Structures are given as C-alpha cells and as structure tokens.
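Scroll down for the structure; my scribbles are underneath it.
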There are 2 protein chains.
Amino acid sequence: MTTTPPPDFDRETAVHAQPGAPGSYDADLPGAWKVGQGINGGVLLAVTARALSAELGTAHGDRPDGHPDPLSVSAYYLSAAAAGPAVVRTETVRRGNSVSHGGAELLQQEEPGAGPVARLRVLAAYGNLDDQAGSVLADAGLTAAKPPALAPVEQCIGSDAAPAEFRAESPMLGRADLRLDPSCVGWAVGAPSGKGEMKGWFRLPEDRAPDPLLLLMAVDVLPPASFDLGMIGWAPTLELTAHVRARPAPGWLRVVHTTRNVAGGYMEEDAEIWDSADRLVAQSRQLARLPRRS
Amino acid sequence: MTTTPPPDFDRETAVHAQPGAPGSYDADLPGAWKVGQGINGGVLLAVTARALSAELGTAHGDRPDGHPDPLSVSAYYLSAAAAGPAVVRTETVRRGNSVSHGGAELLQQEEPGAGPVARLRVLAAYGNLDDQAGSVLADAGLTAAKPPALAPVEQCIGSDAAPAEFRAESPMLGRADLRLDPSCVGWAVGAPSGKGEMKGWFRLPEDRAPDPLLLLMAVDVLPPASFDLGMIGWAPTLELTAHVRARPAPGWLRVVHTTRNVAGGYMEEDAEIWDSADRLVAQSRQLARLPRRS
C-alpha cells in the first residue's frame, strides 16, 4: 500500500545534478500539474528555471551566492510534456557583475531507446533581487500600474465550481488554490464578459510562501483570457517571457491575465502578479494559439 | 574620393552565408544606426532575424518557402555592438508543420586574434504570415486594442528638433524618419508629460515598404518611454521579445511605447506598431535598465 505524499511544490519541481554531466539536471515532471494534453507551462518553466538557478547561483566574483534569481526568462514551447522523468540541460552564456545569462532545454524520452525530445527551450537573465530592493527609484512613485480590483477572497470562485469536463482534463485545478473574480467566470455558464480578462487570487494549498520560482509558475496559472471571450479550449503557448521585478511578500498573490489582440489565429496574453504588499512583482507576456471557437 | 551610397536598410542589414560554415552568416553592422554607445537594438535584432529567416525559409515538407517570417523573437543583449563586421551563428532547433524554431547569436571580434564576443542571443519561432491572413478569427472583431491617437504627420516633431547633444551621440536620428507626437516631446525642453508614453510616425527615409524585418527594428526605434518621465539617458535593453502579428501594409507605421512599472532600477517598455490599414502588426515588450536621473 502506497501513501500519497502531501503536496509540495518544491519537491514537484526539484532538480538533481547529474553526476558526471556538468550543467545537466534530472527532474520528475509532476502529474498533479497536468492540464489538457500536457503539464502546466508555468510548472515546466519553474523546473527549468530552478536548474538555471542552480547553475548561475554559484559563487562568482565577490558574490558568494552568484545570481540565483530569474530577472527575465523567455521560453519557447516545442512539444507537450508528460508526467515523469525529464532532463534539463543548461548552458552558461555569460557570468557578469550584476547579471548572468543562461540557456536551457527541457528534454524527455518519448520511447525507450529513442533520442530525447525537447519540450522547452529557454534563454534567461539572472541576478539577485536583493540588489534591487534598495533602489531609490523603487520608491520614486513612477509605477503607474495599479493593483487589480478583485472581490475579497471569500467572494471569489474556487476551482471546485469549474465545469466537470474541464476538471477531468485538468488535474492542476485540484493543485492550485485559485479563486477567480466573479466578473470573469461567466464563461462557465455560457455568458463570458467579452472583455478578455481573467483575474483572481492564487496560492499553493500547502501555503508555501511565494518566491521567484512560484511567480514563474503563477504567470500561467489562470484559465486563458480567451475563455472570457467565449473561446473555451486549450490555448497552447508558443512563447512566454516573464520578468520578475521583486521578491514577493508572503501571502496571497493577485494574478491578472488580459488580451487585447486576438487576430490571425493567435492572441497575446499579458499577466501581472501583485503581492500582498501591493507591489507588481512579476509581468509576463505570451503568444498563444487560439482555440477553435466552441 | 568615395561617394556615400544612398541609405538602404536591406543593404545595411544584409547577411551573407559563410562558405563551408553551415548556419553561419557574415554581416556588417551599420554605423549609421549608432545610438549612444552601441548600435540600435532593433537593427541588431533585424540583422539576426534575417539570418534566421535564411535558415528557416528554405523548403520544408510541402512548403517550398518554409517558414521565412518571424512570429516571435526573444533577444537578450549581452554587450554593446560596434559598427563593422559581425557574424550570426544560427541553430535550427526544430522544423515543424506550421512553425519552425531557431536560435542565434550575433558575435563580433573586439580585438584582432581574440575570440569573438557575443552581442546578442536569440530564440525565435518562425512561420509564414500568409497562413494567418485568411483566418476567420482575424475578422472576428475580437481585437480590443485601438490605434494610437496621433497628431497628423505634418504636425509632429522630426528629429531635427532633438537637442544637439542627443543628436551628436545618436547618428540613427538622421537615419530614421521619425515624427514624435507633440504630447510626448516635452522632455526636450525639460517638461516631460510624466505619463511614460512615447509615440509617433515612423518610416525609412528611402521610403522602403515595411515588412516583418522592419517591424523588428521599429519596436525599438523611439526614444525610451522613460524620457517622458524626465529620466533622460540611455536605457539599455536587457531583454526584448517581439511578436509579429501580420504582414504590414505599405506606408507610415505608427509606433507607441509605454511603461507602467518603473521600479528597482528597471522598467518594462511595451511597444505596439500599427500599419496604414489600422492593424496592430507587431507588439513587443522589453526589460530595460533605467538611466540614472538627470
């Protein structure tokens, strides 16, 4: 008899250096984060980013901890990942004084004996977010962005209210504690708002405090903004770039996805993540293929 | 006696396949596009993207022209480029049915005999924009974005009105036919609007019609949006991702840069490019280091 271990994001996204293969890491992609035909793209990004953090977070120059924090990560999604073993191969592009650059690919073996297939290719810039915390400009009041207007958590809609067929193909709905604002759940009853906005509260059910890796996951945690336009279906990400702008404070995150340009079979989707201290801690934009109209 | 040839964007950004080095291309970075201590980042992107277009635009499957058009290009800027010889090394990551992926680096030799130094690293997805033109969804009216409100070209401000010291360090001001909207040139007389917006009309003086490569250049052609916040100075790009959404119609382009999150020594800068047919043909976001306050 096996016991299911308690949910633990750090264990799910853990990477282990391969002995004798510098820069390569073993991972085990978590089935708990399945959505549609693959694993949540943000989780794949977090796994890959964790390997780069291990590579670039080693001593460099006069910095004993190097550059462990993702500042900007660009990911191209090449094929749908499956739960199970994977390898992250990293490349150190450049170690700098304030920023280091790296590349990575996430690979899986599809058939025994066959060569590995790439799921994700990444380029990234890493630094140390503590460097930025003390900036005078951080306090200069020049950020024009405002936190999203969200109903209180207890008035928002949990994923237990999602349509049964959607829950069935998306185990990750049981893994993320997501509460959608009532203004953007009309799609679930055939009455989308038409604004192209999706917003809500997010935390892990195990109440792990947010950090830069969790932000990388959270930029792709909401249902696609296209749901709010009445296009219910899988919107596969072609490219996603996330900028981590500050180390998040503990507590709930507020996440907003919007799209403004739905055309030619693609949409852009912008995400903002705000922390409990009312700071805009991450921004991302992705280019996604539109689902066929339902 | 030498004669200066007439300006020609295609010649300036040309790449030539290196005999005997598959995937490698020679380029000659144009001094005419110098700005501050380097070459305009959009021009570097166009040169690199042209090499990837040559690689991925070859026959593949049942497509004689393969995937010549950039759909999404993510660039990490590693060091300032200089006018003169450069090499683009490309890597074909995957050839697919509708999209192909590639990587590239732009390299220059800084000192004779020394190894090449990377200026730019790129990951990209290429396709064929003609595939997207006929999409039903393109006509579904779901694009919420509106063209920018711009004064007529003849009421906008050309670069001949820029401060002399700025012109001196930015030869590209004489190369791009840029007309800034009067609402966002207050910085030139010490009275920035404070909105964090920069917008104007753009074309090449030789009146070459826009195409996807010119769009990649144009996403970084305006002065930084930080000028409009009173921060006059070089804002080096850490990362820039551009999405080309449609093949542009001939004529002037309208370009808008905005920033909403100026914090921690960095800002994001979003660009939109609209063509003469009122279509949003390109979108980009970059993460840039803030200039020190003047």
Side-chain angles (χ1 to χ4, degrees), chain A residues 71-76 78-79 93-94 96 99 101 103 105 118 121-125 129 131-133 135-140 142-146 194-196 226 229 231 238-239 241 243 245-246 258-268 270 272 279-280 283-285 287 289-290 293, chain B residues 71-76 78-79 93-94 96 98-99 101 103 105 118 121-125 129 131-133 135-140 142-146 194-196 226 229 231 238-239 241 243 245-246 258-268 270 272 279-280 283-285 287 290 293:
Chain A
L71 303 180
S72 176
V73 181
S74 299
Y76 284 74
L78 301 169
S79 59
V93 172
R94 196 187 62 164
V99 174
H101 292 83
E105 55 184 345
R121 277 287 291 260
V122 161
L123 271 180
L129 287 165
D131 293 352
Q132 287 158 241
S135 163
V136 173
L137 286 161
D139 306 310
L142 288 170
T143 293
K146 301 283 175 232
K195 280 181 67 181
S226 43
L229 297 171
M231 298 151 87
L238 185 76
E239 181 272 339
T241 295
H243 299 158
R245 301 298 301 275
T258 52
T259 184
R260 299 171 63 245
N261 191 20
V262 175
Y266 287 88
M267 68 170 171
E268 105 286 17
D270 288 357
E272 286 186 0
R279 287 180 312 171
L280 179 45
Q283 292 173 281
S284 76
R285 174 172 289 173
L287 185 64
R289 283 214 184 87
L290 290 172
R293 272 170 186 280
Chain B
L71 303 182
S72 176
V73 182
S74 299
Y76 283 75
L78 301 169
S79 60
V93 172
R94 197 187 60 163
S98 57
V99 173
H101 291 83
E105 56 183 345
R121 277 288 291 261
V122 161
L123 271 180
L129 288 166
D131 293 352
Q132 286 159 240
S135 162
V136 174
L137 286 161
D139 306 310
L142 288 170
T143 292
K146 300 285 177 229
K195 280 181 66 181
S226 43
L229 297 171
M231 299 152 85
L238 184 76
E239 181 271 339
T241 295
H243 298 158
R245 300 298 301 274
T258 51
T259 184
R260 299 170 62 245
N261 191 19
V262 175
Y266 288 88
M267 66 170 172
E268 106 286 18
D270 286 358
E272 284 186 1
R279 286 182 311 172
L280 179 46
Q283 291 173 281
S284 77
R285 175 172 287 173
L287 184 64
L290 291 171
R293 274 170 185 281

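Being a predicted model, the structure only gives us computed values, none of them experimental. Excluded from the calculations below are hydrogen atoms, water molecules and symmetry mates; all remaining heavy atoms, backbone and side chain alike, are included. Residue numbers begin at 1 in each chain, while the letters A, B, ... track the order of the sequences.
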Bottom line for B/Lys195: the part with an atom under 4.5 Å from chain A's heavy atoms is neither
Taken to the nearest 0.5 Å, the spacing of B/Tyr76 OH from B/Leu238 CG works out to 7.5 Å
Option in B/His101, B/Arg94, B/His243 with maximal non-hydrogen atom pairs under 4.5 Å from chain A | B/His243
Who are the salt bridge (Lys or Arg N to Asp or Glu O under 4.0 Å) partners of A/Arg121, not counting sequence neighbours?
-> A/Glu105, B/Glu91
Between B/Glu268 and B/Thr259, do the side chains contain an N or O donor and an N or O acceptor separated by less than 3.5 Å?
-> yes
Give, as side chain, backbone, both or neither, the part of A/Ala125 having an atom under 4.5 angstrom from any heavy atom of chain B.
-> both
Side chain, backbone, both or neither: which part of A/Arg285 has a non-hydrogen atom closer than 4.5 Å to chain B?
-> both
Judged by atom type as modelled, is there a donor-acceptor pair below 3.5 Å linking the side chain of A/Ser74 to the main-chain atoms of B/Leu123?
-> no
Pick from A/Ala118, A/Ala124, A/Gly103 with the largest number of heavy-atom pairs that fall under 4.5 Å of chain B | A/Ala124
Can you name the residues that form a salt bridge (Lys or Arg N to Asp or Glu O under 4.0 Å) with A/Arg260, not counting sequence neighbours?
-> B/Glu272
Is it the backbone or the side chain of B/Ser72 that comes under 4.5 Å from a heavy atom of chain A, or both, or neither?
-> both
Contact winner vs chain A - B/Thr241, B/Leu71, B/Thr258, B/Leu78, heavy-atom pairs under 4.5 Å | B/Leu78
Separation of B/Met267 CE from B/Asn261 CG (nearest 0.5 Å) | 11.5 Å
